[in-house]
Amino acid sequence: MDVDAHHPAGPVPGSHPGAVVAVEGLTKRFGAVTAVEGLSFTMQPGRVTGFLGPNGAGKTTTLRILLGLVRATSGRATIGGRTYDQLHDPLHTVGAALEATGFHSGRTARNHLRVIGATADVPDRRIDEILGLVGLGHAATRRVGTFSLGMRQRLALGAALLGDPSVLLLDEPANGLDPGGIAWLRGFLRYLAEQGRTVVISSHVLTEVQQTVDDVVIVAAGRLVRQAPLTELEGAATVLVRTPTPDVLGAALTAAEVGFRPDPDGGGLRVGVDDPAVVGGIAFRAGVELHELSVQRSDLEDVFLALTGAPTAAGPVGEPAEVAS
């Protein structure tokens with residue numbers, strides 16, 4: 001069971017507006033393998049941005065280039081207009097938690113943060129403040145080797161926040177958290193963005209991302225396929241129709257040049273229109289009995305699978321998704 005933490009009641013002391021994260025024409029090759037190619041996007045302050053893509057899409061490589069851990073083959077990745085090696089005070093500009101590892105199991109949570117904070121003269125009062133903020137105040141003197149994965153995730157988040165940074169880069173921050181911890185994290189990230197910080201999360205848990213982020217950047221095979229506010233991606237609608245003769249209805253829809261696919265949950269068809277009367281009229285003329293006819297809103301997972309070309313039991317509804325270059 002993860003440690004609970006309440007949503008903070010006031011601002012984190014010393015908080016300040018975020019900075020634009022910008023990737024411009026970024027390419028990275030590892031020998032014959034191209035991990036990122038011509039990638040460009042921006043992430044804005046005061047927003048939570050989901051950085052999404054299938055395994056091998058280039059997300060981790062991009063984040064590592066942003067943090068100066070990997071050198072780009074060409075292009076730039078900047079924070080507030082500067083590459084990481086040009087930042088005057090990196091710990092106070094950008095905080096990152098790319099994985100909940102790298103802990104010395106014999107150190108206490110407090111000492112772990114002290115070691116990290118020593119490079120920037122972070123006072124002990126800030127360390128204790130952070131431990132309380134991420135719900136580990138009561139575990140400050142426990143050795144990290146006794147922590148659950150969820151508690152380590154909280155400690156990694158605490159380390160990222162030590163310097164009160166304006167930009168946060170977090171890779172799978174909900175990994176290992178229980179449902180209560182995930183709900184806490186969702187509120188905490190929103191709270192940090194409301195202070196003006198730039199918050200970036202990379203995750204495969206699309207249902208959770210959809211409840212957390214303001215914007216999404218979706219990449220596949222090292223290229224950008226979509227950047228948009230989440231509300232724009234959630235706007236698409238389809239019609240769900242259930243019938244005992246889906247093959248007959250499918251043939252009628254094809255003849256009417258209306259796109260469709262099997263419903264992912266089974267037992268029906270998803271039709272690529274937003275007006276159920278269109279489907280009802282086609283079914284009536286074809287003599288098809290209908291058991292359900294309803295408008296369905298696309299969720300982030302639907303959009304993600306269509307844009308990235310991830311394998312599914314059914315293809316995309318209607319026209320193929322446009323891929324950004």
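Note that the structure is a prediction, hence the values are computed from the model and not measured.
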By the definition side-chain contact (heavy atoms from CB on, under 4.5 Å), identify the one residue from V36, L39, L66 that meets it with T61.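 Checked V36, L39, L66 against T61; only one passes side-chain contact (heavy atoms from CB on, under 4.5 Å): V36.
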
Side-chain heavy-atom pair [X], [Y] within 4.5 angstrom cut-off:
| X | Y | answer |
| --- | --- | --- |
| L170 | V200 | no |
| M151 | L149 | no |
| L169 | L67 | yes |
| V239 | D274 | no |
| T93 | I79 | yes |
| K59 | R64 | no |
| V258 | I282 | yes |
| V279 | F260 | no |

Common cluster, L63/F30, ILVMFWY with side-chain heavy-atom separation under 4.5 Å: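 Yes.
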
Given 3.5 Å as the limit, does a donor-acceptor pair link the side chain of [X] with the main chain of [Y], or not?
| X | Y | result |
| --- | --- | --- |
| R152 | V144 | yes |
| T108 | N111 | yes |
| Q153 | P173 | yes |
| T245 | V248 | no |
| E172 | H204 | yes |
| T198 | A19 | yes |
| R242 | L269 | no |
| E208 | V205 | no |
| T49 | M43 | no |
| R197 | P165 | yes |

Test side-chain contact (heavy atoms from CB on, under 4.5 Å) applied to L157 and L185, step by step: CA-CA 10 Å; L157 177 59; L185 178 67; 4.0 Å; yes

Verify the distance criterion only: is there a donor paired with an acceptor across the side chains of S294 and Q296 at less than 3.5 Å?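 Judged by distance alone, the side chains do pair up.
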
Just grab all the salt bridge (Lys or Arg N to Asp or Glu O under 4.0 Å) pairs involving residues 105-120, residues at least two apart or on different chains.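 Listed once each, the pairs are R110-D128, R114-D124.
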
Quick check for you: to the nearest 0.5 Å, what is the distance between [X] atom [atom1] and [Y] atom [atom2]?
| X | Y | atom1 | atom2 | answer |
| --- | --- | --- | --- | --- |
| L224 | L26 | CG | CG | 12.0 Å |
| S40 | Q227 | OG | CD | 10.0 Å |
| H104 | H112 | NE2 | NE2 | 11.5 Å |
| L133 | F188 | CG | CZ | 4.0 Å |
| L240 | R270 | CG | CZ | 6.0 Å |
| T78 | L87 | OG1 | CG | 9.5 Å |

Could you walk me through whether V134 and L155 pass the side-chain contact (heavy atoms from CB on, under 4.5 Å) test, one step at a time? CA-CA 7 Å; V134 299; L155 186 57; over 6 Å; no

Should we say atom CZ of F284 is surrounded by more than 12 heavy atoms from elsewhere, each under 6.0 Å from it?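 No - once you tally the heavy atoms of other residues, nucleotides and ligands closer than 6.0 Å, there are 12 at most.
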
Should we say atom CZ of R142 is surrounded by more than 12 heavy atoms from elsewhere, each under 6.0 Å from it?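 Above 12, so yes.
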
Between Q86 and T83, does a side chain to side chain donor-acceptor pair (under 3.5 Å) hold up when you go through it step by step? CA-CA 5 Å; Q86 295 172 334; T83 57; 3.2 Å; yes

Mind listing the closest non-hydrogen atom pair of [X] and [Y] along with its distance?
| X | Y | result |
| --- | --- | --- |
| E289 | P244 | O-CD, 3.5 Å |
| V48 | A193 | CG2-CB, 3.6 Å |
| G46 | D214 | O-OD2, 4.3 Å |
| A140 | L131 | CB-CD1, 3.6 Å |
| L52 | S203 | CD2-O, 3.5 Å |
| V295 | P276 | CG2-CD, 3.7 Å |

Does the side-chain contact (heavy atoms from CB on, under 4.5 Å) test come out yes or no for I218 and F304, once each step is laid out? CA-CA 8 Å; I218 303 176; F304 176 87; 4.1 Å; yes

Using side-chain contact (heavy atoms from CB on, under 4.5 Å), reason through F41 and E24 one step at a time and then give a plain yes or no. CA-CA 7 Å; F41 59 80; E24 305 166 83; over 6 Å; no

Decide if the gap between the ring center of F147 and the ring center of F103 is smaller than 6.0 angstrom.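 When the ring centroids of F147 and F103 are compared, they turn out to be at least 6.0 Å apart.
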
